[in-house]
Amino acid sequence: PTRRSNPGAAVAGGEGHTACLRLHCAHSRTPAPSAASPPPSPAMDAPAAPANPMVLPARGIDMVAWLRRGGHVDARNEHGNTMLMMASGLGDEATVAALLQRGASVDLQDNGGVTALMGASANGNEATVASLLQLGASVDLQDKRGATALMHASYNKHPAIVRQLLPAGADRALRNN
């Protein structure tokens with residue numbers, strides 16, 4: 001099994017690079033113009049398409065707006081995390097549901113081999129685990145250390161998640177590195 005801090009940190013954007021999805025909108029808001037400010041030009045108001053729709057931008061942007069401008073739902077950051085991986089690790093069920101509705105891939109793995117299901121399992125996010133399993137997330141994928149979602153849930157003491165994964169076919173005989 002992995003260190004307690006590793007699965008959640010990897011899912012949330014990597015240690016030292018946490019991308020809390022709930023703060024994106026707050027950080028991306030521009031202040032209201034003052035009376036002395038000239039009105040914005042129409043060209044400044046037009047949303048620009050992402051420079052590279054497959055590369056997840058830095059934190060502090062509005063993800064919904066970025067997706068509407070053409071960003072890909074499975075874009076990755078420098079750690080290989082997708083928005084689904086980050087939202088799953090955080091237990092942000094509303095964002096998970098929205099991303100799944102847009103067609104986010106459930107079995108992608110980050111640079112460490114961690115999936116959205118592993119992140120949700122490690123952090124005890126029962127509703128997210130249920131959603132991912134319902135859409136066919138693979139329960140026995142292994143990260144680079146050989147850990148599965150079942151191992152992440154067990155190591156982090158989430159028996160409710162273990163009870164979800166076993167009937168979904170999780171292999172108790174798999175071994176990690």
Side-chain angles (χ1 to χ4, degrees), residues 1-15 17-25 53-54 56 59 63-64 66-68 71-177:
T2 59
R3 296 186 328 262
R4 180 167 176 75
S5 63
N6 187 32
V11 170
E15 292 177 347
H17 301 284
T18 302
C20 184
L21 294 176
R22 293 180 187 150
L23 297 177
H24 284 297
C25 292
M54 291 306 294
L56 194 58
R59 62 182 175 240
M63 289 293 177
V64 174
W66 182 78
L67 286 169
R68 286 184 185 140
H72 196 278
V73 71
D74 287 328
R76 296 170 180 265
N77 67 11
E78 69 272 18
H79 303 286
N81 295 306
T82 65
M83 290 179 280
L84 180 61
M85 290 174 193
M86 291 185 277
S88 295
L90 294 169
D92 186 345
E93 185 58 28
T95 300
V96 168
L99 292 167
L100 292 173
Q101 186 177 18
R102 287 179 174 261
S105 300
V106 295
D107 283 334
L108 293 179
Q109 293 177 286
D110 70 9
N111 297 347
V114 176
T115 65
L117 181 61
M118 290 176 198
S121 297
N123 290 298
N125 301 324
E126 295 176 44
T128 301
V129 168
S131 295
L132 293 168
L133 290 174
Q134 187 175 22
L135 288 172
S138 299
V139 294
D140 288 330
L141 285 177
Q142 293 179 283
D143 65 20
K144 288 193 175 181
R145 296 179 178 177
T148 64
L150 181 62
M151 292 175 197
H152 283 283
S154 298
Y155 182 78
N156 289 292
K157 300 177 177 84
H158 298 299
I161 303 295
V162 171
R163 285 191 291 274
Q164 287 178 287
L165 295 170
L166 288 173
D171 185 351
R172 297 181 322 149
L174 285 175
R175 300 283 180 239
N176 63 355
N177 303 334

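Please read all numbers here as calculations on a predicted model, not as lab measurements.
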Measure across [X] and [Y] and return the closest heavy-atom pair with its distance rounded to 0.1 Å.
{"X": "Leu117", "Y": "Leu133", "answer": "CD2-CD2, 4.0 Å"}
{"X": "Leu141", "Y": "Ser138", "answer": "CG-CB, 3.7 Å"}
{"X": "Ser105", "Y": "Asp74", "answer": "OG-OD2, 2.7 Å"}
{"X": "Gly89", "Y": "Asn125", "answer": "O-ND2, 3.1 Å"}
{"X": "Arg175", "Y": "Gln142", "answer": "O-NE2, 3.1 Å"}
{"X": "Met86", "Y": "Asn77", "answer": "SD-ND2, 4.3 Å"}

Any side-chain heavy atom of [X] sitting closer than 4.5 Å to one from [Y]?
{"X": "Leu150", "Y": "Val139", "answer": "no"}
{"X": "Met85", "Y": "Leu108", "answer": "yes"}
{"X": "Val129", "Y": "Glu126", "answer": "no"}

*Under 3.5 Å, side chain of Asn177 to main-chain N/O of Arg145, donor-acceptor pair present?*
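Flag set: sc Asn177 to bb Arg145 pair under 3.5 Å.
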
*Donor-acceptor pair, side chain of Asn111 and main chain of His79, under 3.5 angstrom*: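 Looks like yes, one N/O pair under 3.5 Å.
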
Working to the nearest 0.5 Å, report the span between [atom1] of [X] and [atom2] of [Y].
{"X": "His152", "Y": "Asn176", "atom1": "NE2", "atom2": "CG", "value": "9.0 Å"}
{"X": "Leu84", "Y": "Ser131", "atom1": "CG", "atom2": "OG", "value": "10.0 Å"}
{"X": "Arg172", "Y": "Thr148", "atom1": "CZ", "atom2": "OG1", "value": "12.0 Å"}
{"X": "Ser88", "Y": "Leu100", "atom1": "OG", "atom2": "CG", "value": "7.0 Å"}
{"X": "Asp110", "Y": "Lys144", "atom1": "CG", "atom2": "NZ", "value": "8.5 Å"}

_Is there a side chain to side chain donor-acceptor pair (under 3.5 Å) between Gln109 and Thr115? Walk through the geometry before answering._
CA-CA 5 Å; Gln109 293 177 286; Thr115 65; over 6 Å; no

*Using the test side chain to side chain donor-acceptor pair (under 3.5 Å), find all partners of Asp140 that sit at least two apart in sequence or belong to another chain.*
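Asp140: no side chain to side chain donor-acceptor pair (under 3.5 Å) contacts found.
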
